[in-house]
Amino acid sequence: MSPTIPPSPPDGDQREPRLSSRGGWEAFLLPPRLTPRMNDQAHDDDLDLLAPAKGSADELLDANAHDDPLDPMRHSAAHVMAEAVLELFPGTKLGIGPAIDGGFYYDFEVARPLTPEDLAAIEERMRASIAADHPFVRKEWDPDEGRTFLAAKGQSYKVEILDDLRTAAGLKGEKPPVVTTYQHGPFIDLCRGPHVPSTGRIGPFRLLSVAGAYWRGREDRPMLQRIYGTVWSTQEELDTYLWRREEARKRDHRRLGVALDLFSFHDVSPGSAFWHPKGQRLWRTLEGAMREVQEARGYQEISTPILVHRKLWEQSGHWDHYAENMFRVEAEGQTFSLKPMNCPESTYIYRSRVRSYRDLPLRFSEYGRLHRNERSGALSGLTRVRHFVQDDAHIYVRPDQLGDEIRALLGEVSTTYAWFGLSPRFAFATRPEKALGDPAVWERAEGLILAALRDAGVDFVINPGDGTFYAPKIDIYIDDALGRQWQLATIQADLMMLPERFDLHYVDEEGRPQRPIAIHRAIYGSLERFIGILVEHFGGAFPFWCAPVQAVVVPIADRHNEAGAELAEVLRARGIRVEVDDSSNRMNYKIRAAQEQKIPYMLVLGDREVAARAAAPRTRSGEQQEPLGWEALADRLAAEAAARRPD
RNA sequence: GCCGACAUAGCUCAGUGGUAGAGCAGCUGUUUCGUAAACAGCAGGUCCUCGGUUCAAAUCCGAGUGUCGGCUCCA
């Protein structure tokens, strides 16, 4: 990271900064985000998008949820904020104001839209309330009285919440619930608590942003104004939190993508990246490494059309379930669509000849360009795009081969993630209530997947009922250097979607047609999204093996430029991605420039080195190494690249 | 899609109705330098687009486009 960052952040948080193996400062772990954002997109989810919108991540992540001891204080801060907003904007209706990781929010219906400028005034009122040290007073209400009270105050959303609580209790045959309010100073709110004893216990805070949020997250309900804030028990913790936010901002892939000249976005194609030469080099390196694994495992790469007639999508079910996400193209009175997934087309290749039981498993990989019409408001850098490429594959197996194949795929995951130092976490999602096909087939497939997971010796969570309607699946998550969770890989054992809808079969030993199982798998997921995650995980300092520029030759003076070019040729001949900085700048400047580009090695060439046909390597962590002969250097770098170590 | 904010040089950003600015990057020249910024000069603009108000618009108003923060971590 840039040296302008303070070498150590304020104390007060148990998560200390650590010097990474690459020598740069790792950002602190952000408070773990325990539930995925609604917008988190699993490009790799394949046919899952035909399934109901509820993602699988919730349960996996909920399993790790915990109650933060700061929650009562955070929730109390939300009340104090609501007090301030009510004072400044009389007539405001309150939505909900929960504690969240690292802070709190409150949703309001205000007469005029709130702007970031309002936050300072709200903060000021909050400080006054905290200074007044109002006690929080709990009061129990008879539900009817409580309802009357809230209705009289015009708090219709609170009334709705109360009514829902009563309805829920009624459905369960329970008595109407006791309703509680909490009051501090002039402010009283329907609330189940708990709170801190008084407002003076609320620690240092900061209001962060204002945003729109639908009431109860439903688009058919009113849009409320949400204010996010953060609050901690000490100033040091608050400073640390804000420092971390700033760190995260600095390694935002959208920012680094420009700074490192990897990619850009333009309004002529929203949601689709333009890949610059360095970004494309990174891409090809990642893709090449994956292809190597696939070739070793007997995959066969295919390529299918991007523009496909609607009748295919009618057959696959996309036209009914996914149409609004597909880009339509009209030509000569016919309707086509840009493909949002590769899978249906791979069946055409499967069916292009009669398949024998001896042909299976058939592993078709495809790096197809996919387009999905994401809503404009959902687009975000490389993580939420309209055009992307997956390291996709469809593997057709006999039922008796499923277990071995899954086991092998888990091996692919650990091989691949080790290149980046990422630790995969696994979640096994089983048959949902509404599922296609024979429950006995499901059970058998689930048993095989479970056995494969156990054989692989990995820890995993089971999410009962969380599979797609056509497939039990394994979803694979990673935590990045900022402590954020991402779903990357998915392995789905499709028992009926492709096999049934496209009427796939193979001929068994007795000459009878049988249904294969189709495994959908993607390990990076979408290359776009994976690269975005890598940029942020490494803060742009990519592992040597995949760095777009692996080394820069730094001639000390112009008279060393010629030798520099020769050295570069020697290294290029060995496949090293190397550049020569033959500008007229001073060496210090060249080194600084290379540091800022996070280039793993700077190879310094002065009189001594040129005389010895050597170069003095300097790593981006600042380590100066002994000069090394050109050939020895080339050997070493080539070996390092081949090793694909995550540093 | 919806709510809000933002859009000025390649990048980061100043500029509140009256001559379009800085730093970095770029180019040219001088410097030939030993591990994170040599010096000087030059060049660089559809102030996102379209329309409106005004004697006058980067600035005010409207529409469009794009980007950013969000859109149940549930009283």
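The sequence lines fix the lettering, A, B, ..., with proteins before strands; numbering per chain opens at 1.
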### Query
Over how many whole Å does the gap from A:Tyr182 atom OH to B:A75 atom P extend?
12 Å

### Query
What is the base-pairing partner of B:A57, counting Watson-Crick and G-U wobble geometry with both distances under 3.5 Å?
none

### Query
Rounding to a whole Å, what distance do you find between A:Leu260:CG and B:C11:C1'?
13 Å

### Query
Does the distance from a Lys or Arg side-chain N to an Asp or Glu carboxylate O, for A:Glu324 and A:Arg372, drop under 4.0 Å?
no

### Query
For B:A38, which nucleotide is its Watson-Crick or G-U wobble mate, given both distances must be under 3.5 Å?
B:U30

### Task
Hey, which sits more toward the 5' end of RNA chain B by its nearest nucleotide, A:Met223 or A:Gln624?
A:Met223

### Task
Please list residues of residues 134-156 of chain A whose heavy atoms come under 4.0 Å from any atom in RNA chain B, ordered by number; otherwise none.
none

### Residues from residues 76-84 of chain A lying under 4.0 Å of RNA chain B - heavy atoms
none

### Task
Answer yes or no: side-chain N or O of A:Asp558 and base N or O of B:U32 forming a donor-acceptor pair under 3.5 Å.
yes

### Query
Using purine N1 to pyrimidine N3 plus N6-O4 or O6-N4 for Watson-Crick, or N1-O2 and O6-N3 for G-U wobble, each under 3.5 Å, what pairs with B:G69?
B:C3

### Query
Rounding to a whole Å, what distance do you find between A:Leu114:CG and B:C3:P?
15 Å

#### Entry: Approximate separation, where rounding is to 0.5 Å, of A:Ser380 OG and A:Phe265 CZ
8.5 Å

### Query
In this structure, which one of A:His195, A:Arg138, A:His75 forms a side chain to side chain donor-acceptor pair (under 3.5 Å) with A:Tyr182?
A:Arg138

### Query
With both distances under 3.5 angstrom, what nucleotide forms a Watson-Crick or G-U wobble pair with B:C48?
B:G64

### Message
Counting only side-chain heavy atoms from C-beta out, which of B:U35, B:G69, B:U32 sits nearest to A:Ser209?
### Response
B:G69

### Query
Got a donor-acceptor pair under 3.5 Å from the side chain of A:Glu117 to the base of B:G4?
no

### Message
From CG of A:Leu190 over to P of B:A75, roughly how many Å is that when rounded to an integer?
### Response
9 Å

## Note on the structure
Protein-proximity profile, nucleotides 23-30 of chain B, B/S/- by nucleotide at the 4.0 Å heavy-atom cutoff, equals --S-----

### Query
Counting side-chain heavy atoms from C-beta on, which of B:A36, B:G4, B:A75 comes nearest to A:Thr180?
B:A75

### Query
Under the side-chain hydrogen bond (donor to acceptor under 3.5 Å, both in side chains) test, which residues partner A:Lys158, sequence neighbours left out?
A:Tyr106, A:Asp189

### Query
Is there a side-chain polar atom (N or O) of A:Arg192 under 4.0 Å from OP1 or OP2 of B:A75?
yes

### Task
Could you tell me whether A:Ala593 contacts a base, only the sugar-phosphate backbone, or nothing, with contacts defined as non-hydrogen atoms closer than 4.0 Å?
nothing

### Query
So with a 6.0 Å cut-off around CD of A:Glu562, is the heavy-atom count from everything else above 12?
no

### Query
So, is A:Arg586 close to the B:A38 phosphate, meaning a side-chain N or O under 4.0 Å from OP1 or OP2?
yes

### Query
Who does B:A20 pair with, Watson-Crick or G-U, both distances under 3.5 Å?
none

#### Entry: Distance in angstrom units between A:Asp582 CG and B:U32 C1', rounded
14 Å

### Message
Once salt bridge (Lys or Arg N to Asp or Glu O under 4.0 Å) is applied, what residue pairs with a partner in residues 604-617 of chain A remain, sequence neighbours excluded?
### Response
A:Arg559-A:Asp607, A:Glu566-A:Arg613

### Query
Using atom P of each nucleotide, how far apart are B:G17 and B:C39 to the nearest Å?
38 Å

### Phosphate OP1/OP2 of B:C73: any A:Arg74 side-chain N/O under 4.0 Å
no

### Task
When you get a sec, tell me which of B:A75, B:A36, B:C73 is the closest nucleotide to the side chain of A:Glu596?
B:A36

### Message
I want to check one thing: is the phosphate of B:C33, taken as OP1 and OP2, less than 4.0 Å away from some side-chain N or O of A:Arg559?
### Response
yes

### Whole-Å distance separating the CZ atom of A:Arg221 from the C1' atom of B:C2
15 Å

### Query
Counting any heavy atom closer than 4.0 Å, what does A:Asp164 reach on the DNA or RNA strands: base, sugar-phosphate only, or nothing?
nothing

### Query
Is B:A43 paired to anything, Watson-Crick or G-U wobble with both distances less than 3.5 Å, and if yes, which nucleotide?
none

## Note on the structure
So CG of A:Leu242 and CD of A:Glu247: to nearest 0.5 Å the spacing works out to 12.0 Å

### Task
Round to a whole Å and report the spacing from NZ of A:Lys158 to P of B:A75.
8 Å

### Query
If the C1' atom of B:U16 is compared with that of B:A43, how far apart are they to the nearest Å?
30 Å

### Shortest side-chain distance from A:Ile591, nucleotide among B:C71, B:A75, B:A36
B:A36

### Query
Is any side-chain N of the basic residue among A:Asp163 and A:Arg147 closer than 4.0 Å to the acidic one's carboxylate O?
yes

### Query
Does atom CZ of A:Arg281 have more than 12 heavy-atom neighbours, drawn from other residues, nucleotides or ligands, at distances under 6.0 Å?
yes

### Message
Please give the distance between the P atoms of B:G23 and B:U30 as a whole number of Å.
### Response
24 Å

### Message
In the structure I gave you, are the side-chain heavy atoms of A:Trp630 and A:Leu571 within less than 4.5 Å of one another anywhere?
### Response
no

### Query
The side chain of A:Ala211 lies closest to which of these nucleotides: B:G70, B:A75, B:A36?
B:G70

#### Entry: Polar side-chain atom of A:Glu528 near backbone of A:Leu382 as donor-acceptor pair, under 3.5 Å
no

### Message
Work out how far the C1' atom of B:A5 is from that of B:A9, and round it to whole angstrom.
### Response
24 Å

### Query
Which listed nucleotide (B:C3, B:C11, B:G4) is nearest to the side chain of A:Gln225?
B:C3

Atom pairs, protein N/O to nucleotides 59-65 of chain B N/O, distance under 3.5 Å:
none

### Closest to the A:Thr115 side chain, choosing from B:A5, B:A75, B:G34
B:A5

### Message
Check this for me, if you would: do A:Asp164 and A:Arg216 make a salt bridge, where the nitrogen-to-carboxylate-oxygen distance has to be below 4.0 angstrom?
### Response
yes

### Task
State whether a side-chain donor-acceptor pair under 3.5 Å links A:His134 with A:Ser198.
no

### Query
Contact class for A:Leu165 (heavy atom, under 4.0 Å): base, sugar-phosphate, or nothing?
base

### Message
Looking at A:Leu207, is its backbone amide N or carbonyl O close enough to the side chain of A:Glu123 to form a donor-acceptor pair, meaning the two atoms are under 3.5 Å apart?
### Response
yes

### Query
So, is A:Arg254 close to the B:G69 phosphate, meaning a side-chain N or O under 4.0 Å from OP1 or OP2?
yes

### Task
Apply side-chain hydrogen bond (donor to acceptor under 3.5 Å, both in side chains) to A:Glu109 and A:Tyr157, showing your working.
CA-CA 9 Å; A:Glu109 187 177 280; A:Tyr157 296 108; 2.3 Å; yes

### Query
Has the side chain of A:Gln597 got a donor or acceptor atom that lies under 3.5 Å from a matching backbone atom of A:Ala259?
yes

### Task
Would you kindly give the CG-to-C1' distance between A:Asp71 and B:A75, to the nearest whole Å?
15 Å

### Query
Taking atom types as modelled and ignoring hydrogens, do the side chains of A:Lys590 and A:Ser583 form a donor-acceptor contact shorter than 3.5 angstrom?
no

## Note on the structure
Of the candidates B:C68, B:A36, B:G34, the side chain of A:Glu609 sits closest to B:G34

### Carboxylate-amine/guanidinium contact A:Glu83 A:Arg125, below 4.0 Å
no

